[in-house]
**Q** 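The structure that follows is given in the form of structure tokens.
Remember, predicted model here, so these are calculated numbers, not experimental data.
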Amino acid sequence: MTLQEILDHRRAVRHYDPAKPLDPEKVQQCLKMATLAPTSSNMQLWECYHVTDKAVLAKLAHACLDQLTARSAQEIVVFVTRQDLYKRHAEAARKFEEGNQRRNSPEEKQDKRIKKWNVYYGKLMPILYSRCLGLWGLVRKLLAQCVGLRRPIVRQVSEADMRVVVHKSCALAVQTFMLAMSEAGYDTCPLEGFDSLLVKKALHLPRKVEINMVVTCGVRLPDGVWGERYRQPFSETYHRV
């Protein structure tokens with residue numbers, strides 16, 4: 001399908017056909033495509049849990065308030081944020097960039113560029129993503145405001161701001177996954193209505209994990225799409241400057 005056809009096909013499907021199971025390998029491939037979505041500073045602080053076990057699916061359906069889309073889903077994917085892994089991910093990115101510069105940069109520029117990435121991932125990222133009851137965020141916010149008196153600077157650096165950044169990055173992966181599923185001929189529905197505590201319990205997730213999105217998966221029934229698609233007028237959404 002063309003991108004336009006993929007976008008037209010993708011709808012939030014509320015009822016799936018029980019007679020049409022999904023191929024878990026195809027769903028897994030769509031999740032691999034989701035890893036190609038961009039993330040802030042390439043930190044990739046998200047994970048996905050691809051659920052095919054019937055017992056766990058039943059628990060998740062209940063955690064999703066027993067909505068029909070969850071009860072009829074053939075498979076469910078739960079996307080979570082992992083800000084708690086920022087040190088590990090920053091170090092992995094630093095090591096990758098060191099090798100990347102050795103392989104692809106002119107020899108005379110390698111050391112300078114490697115030093116830049118060492119500072120970026122070795123010092124800046126741990127400072128930005130660290131949390132301590134809001135205190136580190138307050139320090140970062142005050143520092144940004146002071147620096148911002150002299151030059152442009154990113155000002156959304158509080159702990160709440162960085163939490164939003166992590167969730168935005170995860171949401172990009174979710175959207176990429178749903179479009180990939182649409183291209184594969186499968187249907188999805190992203191859910192905000194769920195009990196996060198029960199979802200974590202069903203998947204045995206660590207306490208610091210945050211649920212970004214629960215995505216039900218299947219093949220739609222005729223009543224799975226609730227009528228025509230509504231969007232705000234483009235003239236109210238689009239602003240050309």
**Q** If only atom types and distance count, is the side chain of R82 paired as donor or acceptor with the main-chain N or O of E47 below 3.5 Å?
**A** no
**Q** Using only atom types and a distance under 3.5 Å, with no angle test, would you say the side chain of R220 pairs donor to acceptor with the backbone of D187?
**A** no
**Q** Start with the C-alpha distance between Q145 and R155, add both sets of side-chain angles, then the distance that settles side-chain hydrogen bond (donor to acceptor under 3.5 Å, both in side chains), and finish with yes or no.
**A** CA-CA 7 Å; Q145 297 305 315; R155 298 173 187 269; 3.3 Å; yes
**Q** Applying the 4.5 Å side-chain criterion to the ILVMFWY set and letting contacts propagate, would V157 and V166 be lumped into a single cluster?
**A** yes
**Q** On a heavy-atom basis, which atom in C132 and which in E159 lie closest, and how many Å separate them?
**A** N-OE2, 2.8 Å
**Q** Given a cutoff of under 4.5 Å between side-chain heavy atoms of I, L, V, M, F, W and Y, with clusters grown through shared members, what are the other residues clustered with W226?
**A** none
**Q** Does the side chain of T69 pick up a donor-acceptor pair with the side chain of R14 at under 3.5 Å?
**A** no
**Q** Is it true that atom CD of E108 has more than 12 heavy atoms of other residues, nucleotides or ligands lying nearer than 6.0 Å?
**A** yes
**Q** Is there a donor-acceptor contact under 3.5 Å from the side chain of S169 to the main chain of T39?
**A** no
**Q** Scan side-chain atoms only and decide if S41 and Y120 contain a donor-acceptor pair under the 3.5 Å cut-off.
**A** yes
**Q** At their closest point, which heavy atom of Q83 faces which heavy atom of Y129, and how far apart are they?
**A** NE2-O, 3.2 Å
**Q** Between the side chains of E210 and N212, is a donor N or O closer than 3.5 angstrom to an acceptor N or O?
**A** no
**Q** Cluster partners of I76, using ILVMFWY side-chain heavy atoms under 4.5 angstrom, listed by chain and number?
**A** Y49, V51, V56, L57, L60, V78, V80, L191, F194, V199, L203, L205, V209, I211, V214
**Q** Could you state whether L172 and L45 fall into the same hydrophobic cluster, counting links through intermediate Ile, Leu, Val, Met, Phe, Trp or Tyr residues with side-chain heavy atoms under 4.5 angstrom apart?
**A** no
**Q** Going through the distances and angles, do D161 and K141 end up as a salt bridge (Lys or Arg N to Asp or Glu O under 4.0 Å)?
**A** CA-CA 10 Å; D161 291 332; K141 198 79 171 180; 3.1 Å; yes
**Q** Kindly indicate, with the supporting measurements, whether the criterion side-chain hydrogen bond (donor to acceptor under 3.5 Å, both in side chains) is fulfilled by H9 and S182.
**A** CA-CA 7 Å; H9 175 266; S182 183; 2.8 Å; yes
**Q** Between R94 and E98, is there a salt bridge with N-O shorter than 4.0 Å?
**A** yes
**Q** Check whether the side chains of S130 and Y86 place a donor and an acceptor atom closer than 3.5 Å, and report yes or no.
**A** no
**Q** Is there a donor-acceptor pair under 3.5 Å between the side chain of Q74 and the backbone N or O of L22?
**A** no
**Q** Determine whether a donor-acceptor pair (N or O, by modelled atom type, separation under 3.5 Å) exists between the side chain of N104 and the backbone of N100.
**A** yes
**Q** Tell me whether the count of non-hydrogen atoms from other residues, nucleotides or ligands lying under 6.0 Å of CZ in R207 goes above 12.
**A** no
**Q** Has R150 got more than 12 heavy atoms of other residues, nucleotides or ligands less than 6.0 Å from its CZ?
**A** no
**Q** Running the 4.5 Å side-chain criterion over Ile, Leu, Val, Met, Phe, Trp and Tyr, what cluster does L7 land in, apart from itself?
**A** M1, L3, I6, L179
**Q** Near W136 CH2, under 6.0 Å, is it more than 12 heavy atoms from other residues, nucleotides or ligands?
**A** no
**Q** Atom NE2 of residue position H50 - does it have more than 12 heavy atoms of other residues, nucleotides or ligands inside 6.0 Å?
**A** yes
**Q** For G193, is there any backbone N or O sitting under 3.5 Å from a side-chain donor or acceptor partner on Q67?
**A** yes
